[in-house]
Amino acid sequence: MNIGVIFAGGVGARMHSADKPKQFLEIFHKPIIIHTLEHFEKCKDIDAVVIASLESWIPHLEGLLYQYRIEKVKKVVPGGETGQLSIYNGLCAAKEIAGDDDAIVLIHDGVRPMISADLLSENIACVKKNGNCITAGIVKETIVVVDEENVIQQVPSRANSRVAKAPQSFFLKDILSTHEKALEQGLKDSIDSCTLMQQFGHKLTMIDGPYENVKITTPDDFFTMAAILGARENKQIYIPEE
């Protein structure tokens with residue numbers, strides 16, 4: 001069984017939206033989280049989806065799921081105090097769905113909609129082959145590593161540099177046990193799943209995803225997504241997805 005675990009528990013403080021969390025802002029007359037979920041809905045390899053949502057917005061989200069006919073979502077659970085805890089809540093819900101099945105989970109941001117059904121399938125294939133899969137972004141500019149005084153300590157090869165994005169995909173038993181170990185040690189605010197997995201000794205594998213796979217965090221990201229979708233609408237730059 002392959003399960004999407006979508007975390008959408010943030011309030012989007014950096015977006016400065018007036019009346020709603022960023023995942024519910026609309027682009028092209030559709031909420032961002034629906035743009036994201038439609039890829040999971042269309043992917044033939046995805047069997048189920050769970051969402052960890054802001055608790056007070058769960059009724060609104062459930063209304064959107066009905067409105068846009070998102071039928072693969074089997075559970076909506078409250079998010080946690082941090083992103084890590086929201087993911088953990090989603091993983092526990094995925095475990096309830098999977099039962100004893102050796103399931104694969106694809107952990108993804110609700111506000112990272114510029115993916116595709118093919119990318120989800122590639123993640124699943126990579127997990128089956130390597131045990132995990134971190135979606136990466138190719139680096140187009142030089143990366144530097146600095147110290148506390150902004151003195152450059154290292155200039156990694158651009159060819160070997162990547163930006164960790166999402167989905168980040170694992171066998172459910174591996175990522176869930178890692179989360180449980182982290183909580184036992186009092187860790188509750190790991191920046192993302194690949195950071196947590198590496199911290200606990202897992203060897204990780206990356207695949208390159210689309211460069212435009214941005215997480216919508218700030219107004220600039222919002223307008224970038226709108227521009228990309230507009231270009232796709234007009235068939236000027238991108239080939240439309242089938």
Side-chain angles (χ1 to χ4, degrees), residues 1-10 21-28 30-54 57-58 60-77 79 83 86-98 101-128 132-137 165-172 175-176 192-194 207 209-210 212-216 225 228-229 232 240-242:
M1 175 174 275
N2 305 313
I3 305 173
V5 176
I6 311 297
F7 58 103
K22 59 187 176 182
Q23 54 268 35
F24 299 114
L25 296 177
E26 291 193 0
I27 297 181
F28 283 82
K30 189 183 298 182
I32 292 170
I33 192 168
I34 296 299
H35 283 284
T36 301
L37 289 169
E38 284 180 338
H39 296 295
F40 286 83
E41 188 74 17
K42 289 191 298 183
C43 180
K44 60 180 175 57
D45 294 315
I46 296 293
D47 301 300
V49 175
V50 300
I51 306 174
S53 171
L54 278 170
W57 283 81
I58 287 177
H60 179 74
L61 174 58
E62 289 175 337
L64 293 175
L65 298 177
Y66 175 79
Q67 178 182 349
Y68 290 96
R69 300 299 187 264
I70 305 297
E71 298 177 350
K72 288 186 179 179
V73 174
K74 305 305 180 186
K75 284 183 178 290
V76 179
V77 297
S86 289
I87 292 171
Y88 178 68
N89 290 352
L91 292 172
C92 290
K95 177 62 178 174
E96 292 178 10
I97 293 170
D101 189 88
D102 194 13
I104 291 172
V105 289
L106 294 82
I107 300 170
H108 195 68
D109 311 271
V111 290
R112 196 183 285 274
M114 305 307 294
I115 55 171
S116 68
D118 285 344
L119 179 63
L120 302 180
S121 294
E122 289 171 19
N123 266 256
I124 293 166
C126 183
V127 173
K128 290 178 178 178
N132 55 68
C133 181
I134 310 301
T135 305
K165 298 195 174 187
Q168 299 185 3
S169 307
F170 312 92
F171 283 111
L172 174 57
I175 184 65
L176 188 55
D192 64 4
S193 296
C194 72
I207 63 168
E212 64 269 19
N213 180 15
V214 296
K215 180 181 178 182
I216 299 176
M225 179 190 169
I228 294 171
L229 286 177
R232 287 181 174 180
E241 293 182 47
E242 295 181 358

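Quick note: numbers below take in every heavy atom, side chains included, and nothing from hydrogens, waters or symmetry partners.
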Distance in Å, [X] [atom1] paired with [Y] [atom2], rounded so as to fall on 0.5 Å steps:
X: His60; Y: Gln23; atom1: NE2; atom2: CD; value: 9.5 Å
X: Cys126; Y: Ile134; atom1: SG; atom2: CD1; value: 8.5 Å
X: Trp57; Y: Leu64; atom1: CH2; atom2: CG; value: 9.5 Å
X: Lys30; Y: Tyr68; atom1: NZ; atom2: OH; value: 7.0 Å

Find out whether [X] and [Y] are in side-chain contact, i.e. whether some heavy atom of one side chain is under 4.5 Å from a heavy atom of the other.
X: Ser169; Y: Ile124; value: no
X: Ile115; Y: Leu120; value: yes
X: Lys165; Y: Lys215; value: no
X: Ile46; Y: Leu106; value: yes
X: Gln168; Y: Thr135; value: no
X: Ile34; Y: Ile70; value: yes
X: Ile107; Y: Leu91; value: yes
X: Lys128; Y: Ile104; value: yes

Minimum heavy-atom separation for [X] and [Y], please, with both atom names.
X: Asn123; Y: Pro167; result: OD1-O, 3.4 Å
X: Ser53; Y: Val76; result: CB-CG1, 4.1 Å
X: Ile27; Y: His35; result: O-NE2, 2.9 Å
X: Ser86; Y: Gly79; result: OG-CA, 3.4 Å
X: Ala8; Y: Ile33; result: CB-CD1, 3.6 Å
X: Ile228; Y: Glu212; result: CD1-CB, 3.4 Å

Does [Y] offer a backbone N or O that forms a donor-acceptor pair with the side chain of [X] under 3.5 Å?
X: Asp101; Y: Met1; result: yes
X: Glu26; Y: Pro31; result: no
X: Asp47; Y: Asn2; result: yes
X: Lys75; Y: Ile51; result: no
X: Thr36; Y: Gly110; result: yes
X: Asp102; Y: Phe171; result: no

Name the residue from Ile3, Val49, Leu65, Val50 that meets the side-chain contact (heavy atoms from CB on, under 4.5 Å) definition with Lys72.
Val49

Is there any salt bridge (Lys or Arg N to Asp or Glu O under 4.0 Å) pair reaching into residues 110-125, and which pairs are they, with sequence neighbours excluded?
Asp109-Arg112

Side chain to side chain contact (heavy atoms under 4.5 Å, CB included) evaluation trace for Ile216 with Lys22
CA-CA 8 Å; Ile216 299 176; Lys22 59 187 176 182; 5.5 Å; no

Starting from the C-alpha separation in whole Å, work towards a yes-or-no answer on side chain to side chain contact (heavy atoms under 4.5 Å, CB included) for Phe24 and Leu61.
CA-CA 8 Å; Phe24 299 114; Leu61 174 58; 4.1 Å; yes

Which pairs with one or both residues in residues 109-128 pass ring pair (Phe, Tyr, Trp, His ring centres under 6.0 Å), sequence neighbours excluded?
none

Closer than 4.0 angstrom, basic N to acidic O: yes or no for Arg69 and Glu41?
no

Just jot down the ring-ring contact (aromatic ring centres under 6.0 Å, His included) partners of Phe40, sequence neighbours excluded, or say none.
His108

